[in-house]
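Notes follow the structure.
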There are 2 protein chains.
Amino acid sequence: MESIDDIRERFIEMIGMVTQAEGMPRISGRIIGLLIFDGCAYSFGELASQLQVSRGSISTNARMLVERGVIERVARPGDRQDYYQICENPYDSILRGVSERALRAAGDIGRIAGALPPDQSQTRQRLDEYADFYRAVAEGVKIASQRATGRSDDPAA
Amino acid sequence: MESIDDIRERFIEMIGMVTQAEGMPRISGRIIGLLIFDGCAYSFGELASQLQVSRGSISTNARMLVERGVIERVARPGDRQDYYQICENPYDSILRGVSERALRAAGDIGRIAGALPPDQSQTRQRLDEYADFYRAVAEGVKIASQRATGRSDDPAA
DNA sequence: CAATTTGTTCAGTATTGACTGAACGTAATA
DNA sequence: TATTACGTTCAGTCAATACTGAACAAATTG
């Protein structure tokens, strides 16, 4: 029988690999995995020792995750250390980032399409289609976000 | 006034950067950009010379893109070379890959959640939520795919 | 058959970027 | 004020991987 610690380890490493595959640093994913699995707040130092990484890495990755709204810093009275825990709905924040990137790509492509002279309508049409694709992605992600969270802004809930 | 060639160049490089940001090789994106912009079929050799990369790179990247259903090989009677053009709806294929990866992550997480002993219901719940998130992403992407393509399988179209 | 063309493979290179660890600033404590 | 604890920063290291280019097999042409 596999121990809980083994399962935990497996989960944390797995999330690390998944986030790496999504283009994020592996340590970011391991922080997320740890905080989701244990569901409590950990201090800066605990994160470093639990994940066996340098404090520099924790500093960089924790800041990025806070900035993206995935984890949050919480204070403990009488304790000078920084504590971190997973946000209420981290998934929303993650998807917002994906959506933003897609919209930016759509905007970039649309701008290039707009720069084409009028006699290049065929090309412009292909580029506009491409931009629409990215807009559709952004839209689909937004829908996923609504479904994954408590559907707080979904009238049909 | 910016020439069409300059715009073309800018577009191709831009798509290269976008795909790189999505975790794919930059050359793959440049091939896609070239084929979308010009909208015609190019030979293996033309791809290499137009993009100024080695034939080895074209071989590897073209094969991957064909395998993913983004571009396709077309034959020309009396010409031994391989010709490549963008697929009918490359976006569908790209999104299918994204969706599959999300579902795989959801399955992995769900399996780990299932391995937890019954007294870990809190943890299991958090993990199940996480798995649901990835399922929602897969679903949202599928919706995006339907919207971006000709909505061929959307009864409301 | 020799020469040429075409695409693949793979060993080597170059580059990117994650990660480390030491130096540093700051704040608390004695 | 000296010391300790904490988080940040940044120069340097290391690993992953995109890319090159030469060697190769197969097909074609003369």
Side-chain angles (χ1 to χ4, degrees), chain A residues 12-35 41-68 70-85 97 101, chain B residues 12-35 41-68 70-85 97 101:
Chain A
I12 292 171
E13 295 310 318
M14 197 267 266
I15 303 302
M17 298 310 282
V18 168
T19 62
Q20 188 170 39
E22 288 168 358
M24 274 201 273
R26 186 163 145 248
I27 291 187
S28 286
R30 301 211 302 142
I31 292 175
I32 294 172
L34 174 62
L35 294 181
Y42 277 123
S43 73
F44 188 99
E46 283 169 333
L47 289 178
S49 63
Q50 293 244 15
L51 299 177
Q52 295 276 39
V53 296
S54 71
R55 296 192 305 158
S57 278
I58 296 297
S59 179
T60 305
N61 285 275
R63 180 146 35 91
M64 186 214 293
L65 290 173
V66 166
E67 209 244 318
R68 289 196 188 191
V70 180
I71 69 176
E72 59 186 355
R73 263 180 54 192
V74 290
R76 286 202 178 172
D79 194 332
R80 187 150 68 85
Q81 279 188 91
D82 289 352
Y83 281 80
Y84 294 97
Q85 67 188 16
R101 253 182 300 158
Chain B
I12 292 171
E13 296 309 319
M14 197 267 266
I15 302 303
M17 299 309 283
V18 169
T19 62
Q20 188 170 38
E22 287 168 359
M24 275 201 274
R26 187 163 144 248
I27 290 188
S28 286
R30 301 210 305 144
I31 291 174
I32 294 172
L34 174 62
L35 293 181
Y42 277 123
S43 72
F44 188 98
E46 283 169 334
L47 289 178
S49 63
Q50 294 245 14
L51 299 177
Q52 295 276 40
V53 295
S54 70
R55 295 192 307 159
S57 279
I58 296 297
S59 178
T60 305
N61 285 275
R63 179 145 36 90
M64 184 215 293
L65 290 173
V66 166
E67 208 243 318
R68 290 197 188 189
V70 180
I71 69 176
E72 59 187 355
R73 263 180 55 191
V74 290
R76 287 204 176 170
D79 193 333
R80 186 151 68 88
Q81 280 189 87
D82 289 352
Y83 281 80
Y84 294 98
Q85 66 188 17
R101 255 182 298 159

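Order of the sequence lines fixes the chain letters, A, B, ..., with proteins taken first and strands second; residue numbering starts at 1 for each chain. Heavy atoms only: backbone and side chains are in, while hydrogens, waters and symmetry mates are out. The structure presented is a predicted model; accordingly, all values stated were derived computationally and were not measured.
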Subject >> Residue mapping more 5' on DNA chain C - nearest nucleotide basis, Asn61(A) or Asp79(B) >> reply: Asp79(B)
Original post:
Where each residue is assigned the nucleotide of DNA chain C containing its nearest heavy atom, which of Ile27(A) and Thr60(B) is assigned the position nearer the 5′ end?
Top reply: Thr60(B)
Subject >> Per Ser54(B) side chain, nearest of listed nucleotides dG7(D), dT6(C), dT20(D) >> reply: dT20(D)
**OP:** Using modelled atom types only, decide if a donor and an acceptor are shared between the side chain of Arg30(B) and the backbone of Leu51(B) within a distance under 3.5 Å.
**Re:** yes
Subject >> Close side-chain approach of Gln85(B) and Leu35(B), heavy atoms under 4.5 Å >> reply: no
Original post:
Please give, in whole Å, the distance from dA28(C) P to Asp82(A) CG?
Top reply: 13 Å
Original post:
Ser59(B) side chain: which of dC19(D), dT8(C), dT20(C) is closest?
Top reply: dT8(C)
Original post:
Starting at CE of Met17(B) and ending at P of dT15(C), how long is that distance when rounded to a whole Å?
Top reply: 15 Å
Original post:
Between Gln52(A) (CD) and dA18(C) (C1'), how many Å, whole number?
Top reply: 18 Å
**OP:** Select base, sugar-phosphate, or nothing to describe what Ile58(A) touches, counting heavy atoms under 4.0 Å on all strands.
**Re:** nothing
**OP:** May I have the distance from Leu47(B) (atom CG) to dT20(D) (atom P), rounded to whole angstrom?
**Re:** 13 Å
**OP:** Take Ser28(B) and Arg73(A), find for each the nucleotide of DNA chain D with the closest heavy atom, and name the residue whose nucleotide sits nearer the 5' end.
**Re:** Arg73(A)
Original post:
From dC19(C), dC19(D), dT9(C), pick the nucleotide closest to the side chain of Ser57(A)?
Top reply: dC19(C)
Original post:
To the side chain of Gln81(B), which of dC6(D), dT8(C), dG7(C) is closest?
Top reply: dG7(C)
**OP:** Using whole Å, report how far CZ of Arg63(B) lies from C1' of dT9(C).
**Re:** 9 Å
Original post:
Less than 3.5 Å between a donor and an acceptor, one on the side chain of Arg80(B) and one on the base of dT5(C), is that the case here?
Top reply: yes
Original post:
Rounded to whole angstroms, how far apart are CD on Gln20(A) and P on dT17(D)?
Top reply: 7 Å
Original post:
Which nucleotide, dT20(D), dC19(C), dG7(C), lies nearest any side-chain atom of Arg55(B)?
Top reply: dG7(C)
Original post:
Do any N or O atoms from the side chain of Ser59(A) and from the backbone of Arg55(A) form a donor-acceptor pair under 3.5 angstrom?
Top reply: no
**OP:** Quick one: pull up CD1 in Ile12(A) and CD1 in Ile32(A) and give me the separation to the nearest 0.5 Å.
**Re:** 12.0 Å
**OP:** Measure the spacing between CD1 of Ile27(A) and CG of Leu34(A) and express it to the nearest 0.5 Å.
**Re:** 12.5 Å
